[in-house]
Every structure is written in structure tokens, then in C-alpha cells.
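Since the structure comes first, as C-alpha cells, the remarks are kept for the end.
In what follows, every chain begins at residue 1, and chains take the letters A, B, ... in the order their sequences are listed. Predicted, not measured: the structure shown is a model, and the values here were computed from it.
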There are 2 protein chains.
Amino acid sequence: MAKPTALETLTEALQCLPGVGRKSAARMAFYLMQQDTSGAKALARALDDAAARLRHCESCYTLTEDVVCATCLDTSRDRSQLCVVETPADQAALERTRAFNGLYFVLMGKLSPLDGVGPREIGLKRLFDRINPESGASDEQAPVKEVILATNFTAEGEATAHVIAQALKGLPVRVTRLSRGVPVGSELEYVDVGTIAHSFIDRR
Amino acid sequence: MAKPTALETLTEALQCLPGVGRKSAARMAFYLMQQDTSGAKALARALDDAAARLRHCESCYTLTEDVVCATCLDTSRDRSQLCVVETPADQAALERTRAFNGLYFVLMGKLSPLDGVGPREIGLKRLFDRINPESGASDEQAPVKEVILATNFTAEGEATAHVIAQALKGLPVRVTRLSRGVPVGSELEYVDVGTIAHSFIDRR
């Protein structure tokens with residue numbers, strides 16, 4: 001058993017998927033090769049294609065196939081509002097709400113000092129250039145009037161929001177944060193203490 | 001939004017994996033494109049490679065890269081015992097026990113009349129030729145003396161085992177079935193009634 005077989009290599013490769021361990025990967029590999037080789041080939045093509053074609057939008061840094069993504073190019077959107085999110089998935093979640101019609105800035109990560117992810121790695125400089133009207137980069141853009149921080153409500157997401165808010169102090173922009181509170185449809189009895197406390201503080 | 005984007009195509013393609021629905025697929029697609037494009041490329045290569053190289057063993061019908069698989073070629077194995085399993089994954093599970101040193105026959109499925117899977121689709125004819133000493137196909141093989149039915153203990157697996165046992169009646173082979181019973185390490189209090197009943201019937 002010197003060289004790994006094609007099946008072993010495939011099982012290994014499938015483990016790069018999030019949430020897929022050794023056992024699921026083996027199950028997937030057997031399934032694909034037994035029952036769905038055409039699906040396997042289609043997946044291979046989609047992976048290659050996506051890896052080759054996707055790049056970062058020059059304006060908001062989200063994943064796109066174009067130089068500037070469709071959202072940034074959409075002239076019906078309010079260019080004075082900029083919503084900062086961690087990932088394209090978060091952006092997609094916000095888009096589904098249809099509650100926001102401004103532009104986005106995608107950090108592609110969050111501050112995580114223990115993993116060596118600092119302000120530079122998540123593109124804070126790029127965000128700053130995008131907002132700061134004095135820097136050359138944003139000449140053609142309409143000025144941003146409000147930055148909405150929509151990083152996750154985890155320790156790292158909160159830290160990221162805090163750091164960005166600090167960095168933007170002194171600039172002529174309003175900085176807001178998504179509200180914390182009781183989820184829609186839930187009963188107070190079953191909501192955790194921290195959330196209720198926050199929804200008291202942020203009450204309107 | 002006429003043509004699907006590369007990301008949408010990838011999300012769609014990932015849903016061919018067993019146990020992966022729309023949401024997991026979207027998460028996987030975002031993850032791969034954001035953080036692990038080299039993993040995505042390696043997976044694409046492994047998929048293509050496996051789909052191109054894997055075929056069925058001429059002797060036992062399992063997945064292999066050769067004409068006859070390593071297990072069937074292994075001369076230290078007992079050629080008089082033939083263990084019938086549903087899938088290569090089941091075969092791998094049995095191999096891990098190191099309790100069996102005979103050969104295998106992999107059905108690549110189970111009887112499932114509702115899905116249009118009958119005796120022909122799961123290769124019962126092939127199995128019959130493999131065992132029946134009068135048919136020409138098994139000339140070079142040592143005669144099979146015992147057929148161990150190791151299909152799953154589901155309704156369909158049991159039906160498959162029953163049909164095979166019926167088909168082999170009259171042939172000079174002993175047909176056995178894996179024993180049903182209480183799983184090792186479990187307490188009777190928590191074992192389901194059917195299993196306990198079977199372990200009574202099959203007591204030794």
C-alpha cells in the first residue's frame with residue numbers, strides 16, 4: 001500500500017470542505033464513485049471554473065467575476081451608506097432581508113490576533129481609503145455619509161467593529177452598528193440573559 | 001441575473017454530495033473561494049482523477065483502479081469463502097474488523113423494487129456465475145464453499161439477503177448470514193425490542 005489510491009486521494013481532498021471529517025469524506029467519495037460520477041465531474045468543473053474566474057471586487061472586495069461587482073455598479077443604490085460585513089455570506093444574508101439599499105464593504109475576515117489576523121490582513125487600510133474623502137482612491141465615488149458596522153456579534157466580530165469605529169473617529173462619517181436584541185419570534189423566557197440585557201440598553 | 005454565476009454553479013454542484021443541502025453547499029462554496037482555493041483545485045483534480053481511473057473489479061465488482069482488485073489477487077486469502085456486501089464502504093467496514101480472510105462480492109446496491117432496482121440491476125446473475133461451478137465463468141476460480149450474506153440489516157438489505165439465499169438453493173454451497181444481536185458495549189435497558197428479540201432467537 002505505498003501510493004494512495006485515487007479513492008484515498010479523493011477522500012483526503014474532500015476533507016478540505018468545512019464540516020467534513022474523515023468519515024463523511026469517505027462516505028462522499030464512495031457515493032460519488034458508485035452512483036454519481038457525472039455529478040463528480042460536474043463538481044470538478046465547477047470548482048476549477050470558480051477558482052479561475054472569481055476575484056475580488058475592486059470597490060467592495062466581495063467575490064465577483066467582474067472587475068467591479070454588480071452591487072457596486074448598481075446606480076439605484078444609495079452610495080452614501082456603506083455596510084461593513086465580514087464575509088460574502090454575511091453580505092448575502094443581509095441582501096436577502098431587502099432592508100438595505102446602500103453599498104457594502106467586505107472585510108473577508110475578522111480581527112483574530114491569536115490567529116495572526118490583524119488590521120492589515122482584513123483590509124482596514126482599504127476600507128479607510130474607500131471612506132476617507134481626502135485620499136485619492138475615492139475621488140470618483142460619492143462621499144460616504146454613514147458606515148454601518150455589520151460584523152458578527154461574536155467576540156471577534158465585536159472587536160473588529162470596535163477597532164473600525166475607533167479608526168474612523170475624526171472622519172466626517174456617521175458610524176452605526178446593527179442593533180442587538182431579542183430575535184423576532186422568540187419568547188423572553190427562553191432568551192439568554194446577555195441578549196435581554198442588551199435589548200434593554202439598546203431599547204428605543 | 002440571467003446566467004448563473006460561477007459561485008452559483010459551484011453551490012449547485014456541491015449539492016450532489018450526500019448530506020449536503022442548499023445551505024451547507026453555499027457555506028462550502030464561500031469557504032473554498034475565500035480561504036482555500038488551492039484545496040478547491042486539489043479537490044477538482046482528485047474528482048477527475050477518481051472518475052477517470054476507478055472501475056469495477058472483474059472478480060468481485062468492487063471499485064478498483066486495476067482489472068482485478070488487490071483483495072481478489074491476494075493469494076493468502078481463503079478462496080472458499082465469499083462474503084456478499086452491498087457497497088465498497090460496507091466491504092471496508094468488514095475489512096477493518098480483520099475478522100474475515102475470504103473474498104468479497106460487492107453488489108453495488110440492494111434490491112429496491114420501488115426505485116426500479118431488481119435482481120438484474122444489482123448483479124445477481126454475476127454473483128450466480130461467480131459461485132456456480134457449472135457455469136464457464138468460474139473455471140479458474142477455486143470453488144466457493146460458503147457464501148456469507150453481509151447485506152445491511154435494513155428492510156431492503158434483509159430482502160436482498162433473502163432473494164440471494166433463495167437463488168443459491170440447490171447449489172453445493174453453504175449460505176450463512178451475519179448474526180443479529182445486541183451491539184458490543186451496550187446495555188440491554190437501552191437496546192430496542194426487535195434487536196433483543198433477535199438476539200434471543202439467534203442465541204448460541
Identify the residues of residues 156-164 of chain A whose heavy atoms come closer than 4.5 Å to a heavy atom of chain B, ordered by number, or report 'none'. none
Chain A contact via A26(B) - which portion, at a heavy-atom distance below 4.5 Å: neither
Does any heavy atom of chain B fall under 4.5 Å from the side chain of D48(A), the backbone, both, or neither of them? both
Heavy atoms from other residues, nucleotides or ligands near CZ of R174(B) exceed 12 (cutoff 6.0 Å): no
Largest heavy-atom contact set with chain A, pairs under 4.5 Å, which of L7(B), D36(B), T9(B), L10(B): L10(B)
Looking at every non-hydrogen atom in both residues, tell me the closest pair between Y31(A) and C16(B) and how far apart they are. CE2-O, 3.4 Å
Using heavy-atom distances under 4.5 Å, tell me whether L54(B) contacts chain A through its side chain, its backbone, both, or neither. side chain
Calculate, to the nearest 0.5 Å, the distance between atoms CD and NE2 belonging to Q34(A) and H56(B) respectively. 8.0 Å
For chain B, which of A13(A), A6(A), A51(A), P18(A) has the most heavy-atom pairs under 4.5 Å? P18(A)
Pull out the residues in residues 37-47 of chain A that come under 4.5 Å of chain B, heavy atom to heavy atom, sorted by number. G39(A), A40(A), K41(A), A42(A), L43(A), A44(A), A46(A), L47(A)
Side chain proximity check, L14(A) to L17(B), heavy atoms < 4.5 angstrom: yes
Among D49(B), L63(B), V20(B), T11(B), the residue with the most heavy-atom pairs under 4.5 Å to chain A is L63(B)
